[in-house]
Amino acid sequence: MSATIAASDQHSRPNLDGGLGLAGQLGFGATIVAAIAYVAYSIYMDANAAGVSALAILPFILLFVALMIALGFEFVNGFHDTANAVATVIYTNAMPAHVAVVWSGFFNFLGVLLSTGVVAFGIVSLLPVELILQVGSNAGFAMVFALLIAAIIWNLATWWIGIPSSSSHTLIGSIIGVGVANAMMHGKSGTAGVDWSKATEIGQALLFSPLIGFGVAALLFVAMKLLVRNQALYQEPKDGLPPPWWIRGLLIFTCTGVSFAHGSNDGQKGMGLIMLILIGTVPTAYALNRAVPAHYTAEFHANADAARVALHEGPDAGIAAADARKLVTAYIADRQFTPAVTPAMAALVKDIDRQVAEYGSLAQVPAAAVENVRNDMYLASEGIKRLGKEKAIQFSEGEKKALDTYKASLDAGTRFIPTWVKVAVAFALGLGTMVGWKRIVVTVGEKIGKSHLTYAQGASAELVAMGTIFAADHLGLPVSTTHVLSSGVAGTMAANRSGLQMSTIRNLAMAWVLTLPVSILLSGTLYMLFSSLF
């Protein structure tokens, strides 16, 4: 029986060997060169506009290396996760393989360009606050290099053996590894180096998303069988022939949606890290958003006054700005609330307002002060976010609203993504989608279920993956496209009683279990190594 299935699968296996052709390869290479030139030109123009000398060679060499590593992560992410979108359309003959990967790459590109940026800064907030505040130091570069290289190594390792694993899972594990290593190097408990509340929130999203993928895809497939009686939907593809036009349209739509959603969610992870790199190497140009509207300063002042009232600032808190920074930094890092935290926060808000008013606008902050202003604004934003979760203090609804409004003003000045960064990440992810896809496509298409993927199974899995990723993007949570899609395919196989190939399921589960500890160990070790070298 198994021999019959294997022969049938081999007979109906799509052509996976078609390439881009000479013209496609030349276009691919030209696009890479054009993207690198565009990035270099954008940085040069931004630096000139901010008054940074482009003759300062060393920072720009360091910036170039760091950016290539960050964009390399997104490129690897692209070809590692291609199967999530294209496996179903390829194995149902809805699109030829070489057309599908180009199609998917284009919509990954669009997804990145049109993303919100919320997920980007959700990832960054996992990093230890003391490292974010000194991102331009040796420790800051050690942090960025360690977590990116660790994520690339694990992604390449799992891709090489054809196991779909989560790039999101890997990157978050790498961030945790850096936080733990940094805390231990400074004589603290390893648990002190990570924002565990945020890590738990993200971990829950990563944990439940594959369960949602399996369960909802199975239910959708069962509902489809009950409501849509057309038997063509539940049949295996016929020897390379495309499916009926309406089924083909549905499969291409789901492929497009998953590609766009993947770009929108996964592309943001690299954006946040690239912004840290830019802030660390060229703070004058990128630490503050110099493109805020003209009315920003007046609104910022009004919001700061309201925030100080909400924090119950006394007539003279008596806390110097330097002491306030230390208290707020310690509160964010250690998460230990004391009565001194609230007046310290009010004093920090007052000092930030003074600085912004003194310079007139963020665009006029002098180069020597940019990094300090940005750090103060970042500290205040993170402090307000943590105070909002603090059980030891109760704010009224009006006070919460005032603090949230002020936090939004702070974030508008510090949490921004230049257009060229989106374009660069979009190119890296989109182009990565077009290469190296075959290994994992074969796993998803052939090695999860014991029977060939049917049209209805492919559409069900893709619809659920698309919906889950869009929902996570709206909530600002990173989820694993790989986990959702592969578990969705498994769910439809189980619902159809087609049987599962348990060796593949075990490999998927093992990758899911090992990704976090391995990436933590890799990034932590690399961080310690780089910290000793830089």
Side-chain angles (χ1 to χ4, degrees), residues 9 12-20 24 78-111 162 164 213 217 220-221 224 228 230 232-263 266 429-430 432-449 451-470 481-482 484-493 496:
D9 284 347
S12 59
R13 184 180 188 181
N15 178 17
L16 302 178
D17 297 324
L20 297 175
F79 70 71
H80 189 278
D81 289 2
T82 311
N84 305 320
V86 301
T88 55
V89 291
I90 292 174
Y91 273 84
T92 55
N93 300 324
M95 298 178 82
H98 64 285
V99 175
V101 295
V102 174
W103 181 271
S104 176
F106 176 71
F107 282 97
N108 266 283
F109 177 88
L110 284 185
L220 181 59
F221 178 77
M224 196 177 289
V228 184
N230 191 319
L233 197 59
Y234 312 103
Q235 295 175 355
E236 295 181 7
K238 305 295 184 183
D239 296 336
L241 296 176
W245 68 268
W246 64 276
I247 298 176
R248 192 177 192 181
L250 175 63
L251 290 165
I252 293 175
F253 168 75
T254 56
C255 167
T256 304
V258 171
S259 299
F260 186 89
H262 176 258
D266 274 39
L429 191 65
T433 300
M434 300 180 194
V435 301
W437 46 269
K438 183 176 177 180
R439 292 176 182 273
I440 296 177
V441 162
V442 170
T443 298
V444 174
E446 298 181 18
K447 298 180 179 179
I448 292 179
S451 65
H452 198 291
L453 193 72
T454 67
Y455 307 127
Q457 288 173 322
S460 298
E462 292 272 29
L463 279 170
V464 171
M466 180 175 65
T468 303
I469 300 163
F470 273 127
T481 309
T482 301
V484 176
L485 192 281
S486 56
S487 62
V489 171
T492 62
M493 290 290 178
N496 199 39

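Because only heavy atoms are used, hydrogens play no part in the values below, and waters and symmetry mates are left out as well, while side chains stay in.
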Compare all side-chain heavy atoms of [X] with those of [Y] and state whether any distance is below 4.5 angstrom.
X: Met493; Y: Leu453; value: yes
X: Val89; Y: Trp103; value: no
X: Leu251; Y: Glu462; value: no

Shortest non-hydrogen contact from [X] toward [Y]:
X: Ala459; Y: Thr254; value: O-CG2, 4.0 Å
X: Ser104; Y: Thr433; value: OG-CG2, 3.5 Å
X: Ile247; Y: Tyr455; value: CG2-CB, 3.4 Å
X: Gly105; Y: Met434; value: CA-CE, 4.2 Å
X: Gly488; Y: Ala461; value: C-CB, 3.7 Å

As an exercise, state the distance from [atom1] of [X] to [atom2] of [Y], rounded to the nearest 0.5 Å.
X: Leu463; Y: Met224; atom1: CG; atom2: CE; value: 6.5 Å
X: Ile252; Y: Thr92; atom1: CD1; atom2: OG1; value: 9.0 Å
X: Leu220; Y: Gln457; atom1: CG; atom2: CD; value: 11.5 Å
X: Ile448; Y: Leu485; atom1: CD1; atom2: CG; value: 8.0 Å
X: Trp245; Y: Leu250; atom1: CH2; atom2: CG; value: 11.0 Å
X: His98; Y: Ile90; atom1: NE2; atom2: CD1; value: 10.5 Å

Practice task
Check the angle between the aromatic planes of Phe106 and Phe109 and answer parallel, tilted or perpendicular using the 30° and 60° thresholds.
Solution key: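 Phe106 vs Phe109 ring planes: parallel.
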Problem - Within 6.0 angstrom of Phe253 CZ, more than 12 heavy atoms from elsewhere - result: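 12 or below, so no.
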Practice task
Only one of Thr88, Thr492, Asn496, Val489 passes side-chain contact (heavy atoms from CB on, under 4.5 Å) with Ser460; say which it is.
Solution key: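 Among Thr88, Thr492, Asn496, Val489, the one meeting side-chain contact (heavy atoms from CB on, under 4.5 Å) with Ser460 is Thr492.
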Practice task
Look only at the side chain of Arg248 and the backbone of Ala94, and say whether a donor-acceptor pair between them is shorter than 3.5 Å.
Solution key: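 Judged by distance alone, yes, a pair lies under 3.5 Å.
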Exercise for the section: Could you check Phe107 against His262 for side-chain contact (heavy atoms from CB on, under 4.5 Å), going step by step and ending with a plain yes or no? Expected result: CA-CA 9 Å; Phe107 282 97; His262 176 258; over 6 Å; no
